[in-house]
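Below is one structure; the comments refer to it alone.
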Amino acid sequence: QVQLVESGGGLVQAGGSLRLSCAVSGRTFSGYHMGWFRQAPGKEREFVAAINWSGGTTYYRDSVKGRFTISRENAKNTVYLQMNSLKPEDTAVYYCAAKSGWVPTPRTPVRDYDYWGQGTQVTVSS
C-alpha cells in the first residue's frame, strides 16, 4: 500500500510563506514521480508543480513560477512545496500525488496519477 499524507497548510497573510510536506509510505517512494495540485471551491483541480523520481526535473504552472519550489528528500520519503509571496488566489486545498511510469508534465491529466493524499487547506488573507 502507498499512502500520502500532506501537512503544513494553514492561514497566512498575503505575502507570507508556507511549506507543505507530503509524507509517503513505503520503500518505493524513490520510484515515483510526485506532483502538487490544488482545488478551490467550485473549480477544477489544477496542476501546481511536479518533480521526477530523482529530483532533477521540475515543472511549475506559470502563475507560481518564481514563488513556489518543489523538492524531495527520498531518504525521508517526503516531498515539499515551499510557497513564498503567497497571494489570495493561491487559496485552495493542496494535494500531493504520486505517479509511476512516464515523467509528468503540466499537461499530464490528473487521472494519470496513481495515488493521492487527503489534502491540506491553504488560506491566504488579503
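- Formation of a donor-acceptor pair under 3.5 Å by the His33 side chain with backbone atoms of Pro104 is not found in this model.
- Under the 3.5 Å distance criterion, the side-chain polar atoms of Thr123 are left unmatched by any main-chain donor or acceptor of Leu11.
- Clustering ILVMFWY residues whenever any of their side-chain heavy atoms sit less than 4.5 angstrom apart, transitively, puts Val48 in the very cluster that holds Leu18.
- Val110 and Val93 fall within the same hydrophobic cluster, defined by Ile, Leu, Val, Met, Phe, Trp and Tyr side-chain heavy atoms under 4.5 Å apart, directly or through other members.
- Sorted by first and then second residue, the salt bridge (charged side-chain N to carboxylate O under 4.0 Å, His left out) pairs with a member in residues 29-49 read Arg38-Glu46, Arg38-Asp90, Glu46-Arg61; sequence neighbours excluded.
- Under the side-chain hydrogen bond (donor to acceptor under 3.5 Å, both in side chains) criterion, the residue pairs touching residues 102-116 are Ser100-Asp114, with sequence neighbours excluded.
- Considering only heavy atoms from C-beta on, Leu4 comes within 4.5 Å of Met34 through its side chain.
- No side-chain heavy atom of Ile70 sits less than 4.5 Å from a side-chain heavy atom of Tyr80.
- Contact check for Leu20 versus Glu6: no side-chain heavy atoms found under the 4.5 Å cut-off.
- Atom CD of Glu89 is surrounded by more than 12 heavy atoms from other residues, nucleotides or ligands within 6.0 Å.
- Note that CD of Gln13 is 9.0 Å distant from OG of Ser126, once rounded to the nearest 0.5 Å.
- A donor-acceptor contact shorter than 3.5 Å is absent between the side chain of Asn52 and the backbone of Tyr32.
- Listed here is the closest heavy atom pair of Leu81 and Ala49: CD1-CB, 4.2 Å.
- Both Trp36 and Val2 belong to a common hydrophobic cluster when Ile, Leu, Val, Met, Phe, Trp and Tyr are linked at side-chain heavy-atom distances under 4.5 angstrom.
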side-chain hydrogen bond (donor to acceptor under 3.5 Å, both in side chains) evaluation trace for Tyr95 with Gln118: CA-CA 7 Å; Tyr95 300 89; Gln118 292 297 305; over 6 Å; no
Verdict with reasoning, Val79 to Ile51, per side-chain contact (heavy atoms from CB on, under 4.5 Å): CA-CA 9 Å; Val79 62; Ile51 188 167; 4.2 Å; yes
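- Distance check, rounded to the nearest 0.5 Å: CZ of Arg72 to OG of Ser21 gives 13.5 Å.
- Distance alone, capped at 3.5 Å, is enough to place a donor-acceptor pair between the Thr78 side chain and the Lys76 backbone.
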Residues Phe68, Thr58; criterion side-chain contact (heavy atoms from CB on, under 4.5 Å); working and verdict: CA-CA 11 Å; Phe68 291 11; Thr58 59; over 6 Å; no
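- Cluster membership check: Val24 does not share its hydrophobic cluster with Trp53, using side-chain heavy-atom separations under 4.5 Å among Ile, Leu, Val, Met, Phe, Trp and Tyr.
- Of all non-hydrogen atoms in Ser17 and Asn84, the two that sit nearest each other are OG-OD1, 2.9 Å.
- Looking only at side-chain heavy atoms (C-beta outward), Val64 and Phe47 stay at 4.5 Å or farther from each other.
- Transitive grouping of hydrophobic side chains (ILVMFWY, heavy atoms separated by less than 4.5 Å) brings Tyr94 and Val12 into a common cluster.
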